[in-house]
*Asks:* 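Handing you a structure now.
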Amino acid sequence: MQFMLLFSRQGKLRLQKWYVPLSDKEKKKITRELVQTVLARKPKMCSFLEWRDLKVVYKRYASLYFCCAIENQDNELITLEIIHRYVELLDKYFGSVCELDIIFNFEKAYFILDEFLLGGEAQDTSKKNVLKAIEQADLLQECCMTDTVSQSFSMV
Amino acid sequence: MPAPIRLRELIRTIRTARTQAEEREMIQKECAAIRSSFREEDNTYRCRNVAKLLYMHMLGYPAHFGQLECLKLIASQKFTDKRIGYLGAMLLLDERQDVHLLMTNCIKNDLNHSTQYVQGLALCTLGCMGSSEMCRDLAGEVEKLLKTSNSYLRKKAALCAVHVIRKVPELMEMFLPATKNLLSEKNHGVLHTSVVLLTEMCERSPDMLLHFRKLVPQLVRILKNLIMSGYSPEHDVSGISDPFLQVRILRLLRILGRSDDDSSEAMNDILAQVATNTETSKNVGNAILYETVLTIMDIKSESGLRVLAINILGRFLLNNDKNIRYVALTSLLKTVQTDHNAVQRHRSTIVDCLKDLDVSIKRRAMELSFALVNGNNIRGMMKELLYFLDSCDPEFKADCASGVFLAAEKYAPSKRWHIDTIMRVLTTAGSYVRDDSVPNLIQLITNSVEMHAYTVQRLYKALLDDISQQPLVQVSSWCIGEYGDLLVSGQCEEEEPIQDEVLDVLEGLLVSNLSTPVTRGYSLTAIMKLSTRFSSINRIKKVVSIYGSSIDVELQQRAVEYNALFKKYDHMRFNLHVLYDLVSLLFQANDLLDLLGGNDVVPVIQTTLPTKPASAGGELLDLLGDLSLSGRTTVNGLKIEFTFERANPNPNIAVITIHATNTTEADMTEFVFQAAVPKVITLGMSLSHRAPATPVAGRAQCALTKVARYSVSSGTLVRLASGLDVRCVKKQCGWLGCVSEDA
């Protein structure tokens, strides 16, 4: 996978994960163009499109578009499953996840993604394991606060 | 100094902004506060501030001043700090800036941290954005972690190693020892990432590929266990056990089995098993089948297995899920060359996909349809494709039109069908055909001698209906100019137009706003040509002289030259015509010779379709055999016919035989034959039977043989042929190089 973007139906970016080195300017340009292209798609169209020299796989969950750019030898159908797995993880973590959860807890969305994918590939195919790791890391975050006065658990 | 506001607080505030300006103001205010906080080296709230900065960065605002702060967070001992710090590094830093190198030492320390979650953060960051320098420095640490028994770390180290290898391929060797026992792991996470690592290594290095081929039996066993084992809740997706792992193993098997008979055989059974046993009701099962099909088609599988694969694709085509149909069409397109017959069986389903609503599916279906056209199905297929051309989006029309021309050229069952098909394309998608199709079509029409009357009649009628589509108009004008005599002579089946009507139409083209300059050139030339075929010479003279002062330089030049023909060389006008015909036919002959002589098969019409591998010699020779390349002109009772042949043994020489027949009762004296050709062609003429200036008796024939030799690059000639008008003769040879019969 080269990158993953999450954006709303109005085209507002909610998460961007890049697995290839690009300048900020290039990232902005790609994001703008791709978001425009995907938002222009009609509901009856398939989830895949060819864009520049990449394959783009996208799926809409409620008000959020999940959009991945994969390489030519990657399997589009399994990418749909990867997206679905990420949504399931978010759902389990936040409890019936909605766009607002991602907006207000974007850093957690990133942590979950980074526990599921590394360098664009899935690290663990077990939902349980990924969630357990996140849970443990959250605990670690909590208890390392205890030594400082007036740190509440939501440090950020 | 009050504590900086919390992240969630900030997000809430910014979302209340009603305008972009309001938002910008809030952001600027907060940025200022954050900057001063950074300046004060506030350790307590650095984490919070960087998190806020990351939010603002996502909204599109600059955040580069937070880069160093991220590094400080990473160096902190607090896990929270590290978490945000590494996230910030991944979002704000990039390998182009030297700043990122400062991370290296921190990462190194964290890779050896006592807490696995810290190690995990470091591995993740390195595997996501590590530059080549960082990778070089830290590869050793990664390799160490690849050998650990901690599966949480091992799986991450494997993917990190993939990234290292991508950045610094020379380091691949160093990971080899660590890969020894990777596949004996029980942990699916480690298995999955190990397979990814092995895939990366095998793809990059043929040596590694050879080395890892011995893993095929083990991979087959793992895959078998996944399929045969019972329900495993941890890895189950819709009743299928760990589809992600299955897909990756299938992909690795593909790479290992490619071009190796033994490996391919070893995986034959399991592939058949997966192909037949996988549940297809959900996307996940189809994802596995898709990967299986790709593998079967790429390795050296036996034919039964290949047919099984194509049938799976055929079933995919009928699936309600458009994603599955799309994927099937893409795969079939890849296999249509090698397994042509098997794919043909699904032709009708593929053609149905032309009517799909999805643009990507339509495009694939179109490409595949063209690949499947052959001599047997041409009529049926063309009907569908022409219907598609009628109704498809403009973005398809150019490619579809080119494809139709190419297919028609290859497989036309009859000349009339061929001309009809071209007509259909020109009238339905005339503005979308490529520029080079006009000369190609003209050539095609010229070669179909018996169809000239039919063609010119149909093209004339098309012009009456619509003059907006330039390629159609250009081809029509050319034909009318060339065969105008047939048009008005009553050879057509329907009511023929009279000369004035035809001239009206051509003149109409000259003045119309819809005509491009190129089209105007064509119609002016056509009008000029008709001066030797029609009797309304005065009218033509008038038109030509008007355009002598045209603003369009090209048109003006032509008109002036034509005018000159009327004034100074009127007696030669007829001869000019003969010459013109000769030269145009010469060009056609040269094109043919070019096809024969060249090493490559030169497609007449350029498309993006794959051309059939040429059994070049045989097919092209047949082409010449079938073709009756000839032309005729009757001028003042002197009938002249040209025929072309390839000379034996030297294929670079075309022998043009000219039969001159005196069809009048009277004798013709002072028969002098001259030929003007471009300098690139050398013309050797020999006269058999008749000496020069001997009267050709009434109703007598004389045969002259001309030999043309050429040795110039084909490109030049083809371009000249495209011009195909009087101007061409004049410009290129400038009335030089006239060779008399004696030479």
Side-chain angles (χ1 to χ4, degrees), chain A residues 12-19 21-24 28 42 44-50 73 75-82 84-85 103-107 110-111 114-115 117-130 133 136-137 140-145 148 150-151 154-156, chain B residues 6-8 11-12 15 44 47-48 51 54-55 58 60 78-80 83-84 87 94-96 115 117 120 123-124 127-129 131 152 155-156 159-160 162-163 188-189 192-193 196 234-235 237 242-245 247 251 283-284 286-287 290-291 322-327 357-361:
Chain A
K12 293 213 111 148
L13 199 60
R14 300 299 179 204
L15 187 146
Q16 51 174 330
K17 188 73 191 178
W18 299 85
Y19 295 110
L22 290 166
S23 73
D24 234 17
K28 281 208 168 107
K42 304 195 194 68
K44 285 245 180 285
M45 294 178 146
C46 73
S47 302
F48 315 129
L49 55 106
E50 290 110 31
Q73 58 274 45
N75 181 327
E76 295 98 316
L77 297 178
I78 207 77
T79 309
L80 279 174
E81 294 300 319
I82 298 261
H84 191 73
R85 174 57 64 90
I103 293 171
F104 279 93
N105 301 284
F106 72 94
E107 86 279 12
Y110 273 109
F111 295 152
D114 285 341
E115 198 59 49
L117 301 179
L118 198 159
E121 303 283 348
Q123 310 169 28
D124 207 312
T125 54
S126 152
K127 229 187 314 190
K128 192 177 85 180
N129 285 349
V130 177
Q136 298 284 15
L140 191 59
Q141 191 170 309
E142 228 178 294
C143 68
C144 83
M145 313 286 196
T148 334
S150 84
Q151 307 297 349
S154 65
M155 176 60 201
V156 291
Chain B
R6 295 174 185 283
L7 171 65
R8 322 258 177 250
I11 297 175
R12 205 168 298 131
R15 283 170 65 79
T44 323
C47 182
R48 183 185 290 187
L54 293 179
Y55 177 72
M58 183 143 64
K78 292 214 288 262
F79 184 65
T80 315
R83 239 183 168 186
I84 296 288
L87 179 60
D94 84 75
E95 60 174 50
R96 268 165 254 237
T115 314
Y117 297 106
L123 281 168
C124 180
C128 172
M129 54 146 327
S131 63
Y152 177 77
K155 71 187 187 194
K156 290 181 193 272
L159 289 181
C160 197
V162 171
H163 180 83
H188 280 225
H192 184 268
T193 59
V196 174
E234 199 175 331
H235 300 107
V237 179
D242 207 339
F244 303 105
L245 182 57
V247 165
R251 186 161 151 184
N283 179 63
V284 62
N286 289 320
Y290 176 39
E291 196 75 33
K322 46 193 156 5
N323 293 333
I324 310 280
R325 290 203 300 275
Y326 175 85
V327 145
L357 292 162
D358 184 301
V359 163
S360 316
I361 290 183

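The shown structure was predicted, so the numbers you read here are calculated from the model rather than taken from an experiment. Chain letters run A, B, ... following the sequence lines, proteins first, then strands; residues in each count from 1.
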*Asks:* Determine the minimum heavy-atom distance between B:Phe79 and A:Ala137, stating which atoms define it.
*Replies:*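 The answer is CE2-O, 3.3 Å.
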*Asks:* Could you measure the distance from the CD atom of A:Gln141 to the CD1 atom of B:Ile84? Nearest 0.5 Å is fine.
*Replies:*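 If I round to the nearest 0.5 Å, the distance is 7.0 Å.
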*Asks:* Could you measure the distance from the OG atom of A:Ser47 to the OH atom of B:Tyr326? Nearest 0.5 Å is fine.
*Replies:*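 With rounding to 0.5 Å, OG (A:Ser47) is 11.0 Å from OH (B:Tyr326).
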*Asks:* Could you check which of A:Trp18, A:Tyr19, A:Phe48, A:Tyr110 has the highest count of heavy-atom pairs closer than 4.5 Å to chain B?
*Replies:*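 Of the candidates given, the most pairs with chain B belong to A:Phe48.
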*Asks:* Under a 4.5 Å cutoff for heavy-atom pairs, which residue among A:Lys128, A:Glu76, A:Glu50, A:Gln136 has the most contacts with chain B?
*Replies:*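 Heavy-atom pair counts peak at A:Glu50.
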*Asks:* Using non-hydrogen atoms and a 4.5 Å limit, figure out which bit of B:Asp242 sits close to chain A: side chain, backbone, both or neither.
*Replies:*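 Looking at B:Asp242, just its side chain touches chain A.
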*Asks:* With a 4.5 angstrom heavy-atom cut-off, is it the side chain or the backbone of A:Arg14 that approaches chain B, or both, or neither?
*Replies:*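 For A:Arg14, backbone and side chain are both near chain B.
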*Asks:* Checking heavy atoms, do the side chain of B:Leu87, its backbone, both or neither come under 4.5 Å from chain A?
*Replies:*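 It is the side chain, since no backbone atom gets that close.
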*Asks:* Counting heavy-atom pairs closer than 4.5 Å to chain B, which one of A:Asn75, A:Leu13, A:Asp124 comes out on top?
*Replies:*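 Max contact count across the listed options: A:Asn75.
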*Asks:* What part of B:Glu291 is in contact with chain A, defined as an atom under 4.5 angstrom from a non-hydrogen atom: side chain, backbone, both or neither?
*Replies:*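 Contact with chain A is through both the backbone and side chain of B:Glu291.
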*Asks:* Any idea which of B:Asp358, B:Asn286, B:Val284, B:Leu245 has the most non-hydrogen atom pairs under 4.5 angstrom with chain A?
*Replies:*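 Winner by heavy-atom pair count: B:Asp358.
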*Asks:* Can you measure from OG1 (A:Thr125) to NE2 (B:His188) and round to the nearest 0.5 angstrom?
*Replies:*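 Going from OG1 on A:Thr125 over to NE2 on B:His188, the span is 6.5 Å.
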*Asks:* Could you work out, with ring pair (Phe, Tyr, Trp, His ring centres under 6.0 Å) as the rule, every residue matching B:Tyr117, not counting sequence neighbours?
*Replies:*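 Residues passing ring pair (Phe, Tyr, Trp, His ring centres under 6.0 Å) with B:Tyr117: B:Tyr152.
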*Asks:* Is B:Asp94 reaching over with its side chain to a backbone N or O of A:Leu22, donor-acceptor style, under 3.5 angstrom?
*Replies:*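 No; judged by distance alone, with no hydrogens or angles, the pair does not exist.
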*Asks:* Just verifying a value: how many Å separate A:Ile82 CD1 and B:Phe244 CZ, rounded to the nearest 0.5 Å?
*Replies:*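 Spacing of CD1 (A:Ile82) from CZ (B:Phe244) equals 5.0 Å.
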*Asks:* Chain B heavy atoms under 4.5 Å from A:Lys42: which part of the residue, side chain, backbone, both or neither?
*Replies:*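 For A:Lys42, neither part sits under 4.5 Å from chain B.
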*Asks:* Measure A:Lys127 against the heavy atoms of chain B and call it side chain, backbone, both or neither at under 4.5 Å.
*Replies:*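 For A:Lys127, the backbone is the part near chain B, not the side chain.
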*Asks:* Going through the distances and angles, do B:Ile324 and A:Leu77 end up as a side chain to side chain contact (heavy atoms under 4.5 Å, CB included)?
*Replies:* CA-CA 8 Å; B:Ile324 310 280; A:Leu77 297 178; 4.1 Å; yes
*Asks:* For B:Glu95 versus A:Pro21, what's the shortest heavy-atom pair and its separation?
*Replies:*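 Smallest heavy-atom distance, with atoms named: CD-CB, 3.7 Å.
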*Asks:* Salt bridge between B:Arg83 and A:Glu142, side-chain N to carboxylate O under 4.0 Å?
*Replies:*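 Salt bridge: no.
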*Asks:* At a 4.5 Å cut-off on heavy atoms, which part of B:Arg12 comes close to chain A: side chain, backbone, both, or neither?
*Replies:*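 It is both, since atoms from each part get that close.
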*Asks:* Between B:Met129, B:Lys156, B:His163, which has the largest tally of heavy atom pairs under 4.5 Å with chain A?
*Replies:*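 Heavy-atom pair counts peak at B:Lys156.
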*Asks:* Tell me, do B:Arg325 and A:Cys46 make a side-chain contact under 4.5 Å, heavy atoms counted?
*Replies:*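 Sidechains of A:Cys46 and B:Arg325: no contact.
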*Asks:* Would you say B:Asn283 and A:His84 make side-chain contact, with heavy atoms under 4.5 Å?
*Replies:*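 Side chain of B:Asn283 against side chain of A:His84, heavy atoms only: no contact under 4.5 Å found.
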*Asks:* Please flag which part of B:Arg96 lies under 4.5 Å from any non-hydrogen atom of chain A: side chain, backbone, both or neither.
*Replies:*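 Interface part for B:Arg96: side chain.
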*Asks:* Distance from B:Met58 atom CE to A:Lys12 atom NZ, nearest 0.5 Å?
*Replies:*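 Spacing of CE (B:Met58) from NZ (A:Lys12) equals 11.0 Å.
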*Asks:* Under the rule for ring pair (Phe, Tyr, Trp, His ring centres under 6.0 Å), what residues qualify as partners of B:Tyr290, not counting sequence neighbours?
*Replies:*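 Ring pair (Phe, Tyr, Trp, His ring centres under 6.0 Å) check on B:Tyr290 returns nothing, list empty.
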*Asks:* Non-hydrogen atoms of chain B under 4.5 Å away: do they reach the side chain of A:Asn105, the backbone, both or neither?
*Replies:*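 Both backbone and side chain of A:Asn105 come within 4.5 Å of chain B.
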*Asks:* With side chain to side chain contact (heavy atoms under 4.5 Å, CB included) as the test, would you mind laying out the steps for A:Ile103 and B:Arg15 before giving the verdict?
*Replies:* CA-CA 10 Å; A:Ile103 293 171; B:Arg15 283 170 65 79; 3.3 Å; yes
*Asks:* If you take all heavy atoms of B:Ala51 and A:Phe106, which pair is closest and at what distance?
*Replies:*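 Scanning both residues, the minimum pair turns out to be O-CZ, 3.5 Å.
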*Asks:* Report yes if some heavy atom in the side chain of B:Thr193 is under 4.5 Å from a heavy atom in the side chain of A:Glu121; otherwise report no.
*Replies:*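 Answer no - side chains too far apart.
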*Asks:* Would you mind checking which part of B:Val162 comes under 4.5 Å of any heavy atom in chain A, side chain (CB onward), backbone (N, CA, C, O), both or neither?
*Replies:*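 For B:Val162, there is no contact with chain A at all, as no heavy atom is under 4.5 Å.
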*Asks:* Please check: side-chain N/O of B:His192 versus main-chain N/O of A:Ala122, any donor-acceptor pairing under 3.5 Å?
*Replies:*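 Yes, the answer is positive, given that a donor and an acceptor are paired below the 3.5 Å cut-off.
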*Asks:* Hydrogens and angles aside, do B:Lys155 and A:Gln123 bring a side-chain donor and acceptor to less than 3.5 Å of each other?
*Replies:*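 There is no such pair between these side chains.
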*Asks:* Does any non-hydrogen side-chain atom of A:Glu107 lie less than 4.5 Å from one of B:Leu54?
*Replies:*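 No. Closest side-chain heavy atoms not under 4.5 Å.
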*Asks:* Is B:Ser131 close to chain A through its backbone or its side chain, or both, or neither, when contacts mean heavy atoms under 4.5 Å?
*Replies:*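 For B:Ser131, neither part sits under 4.5 Å from chain A.
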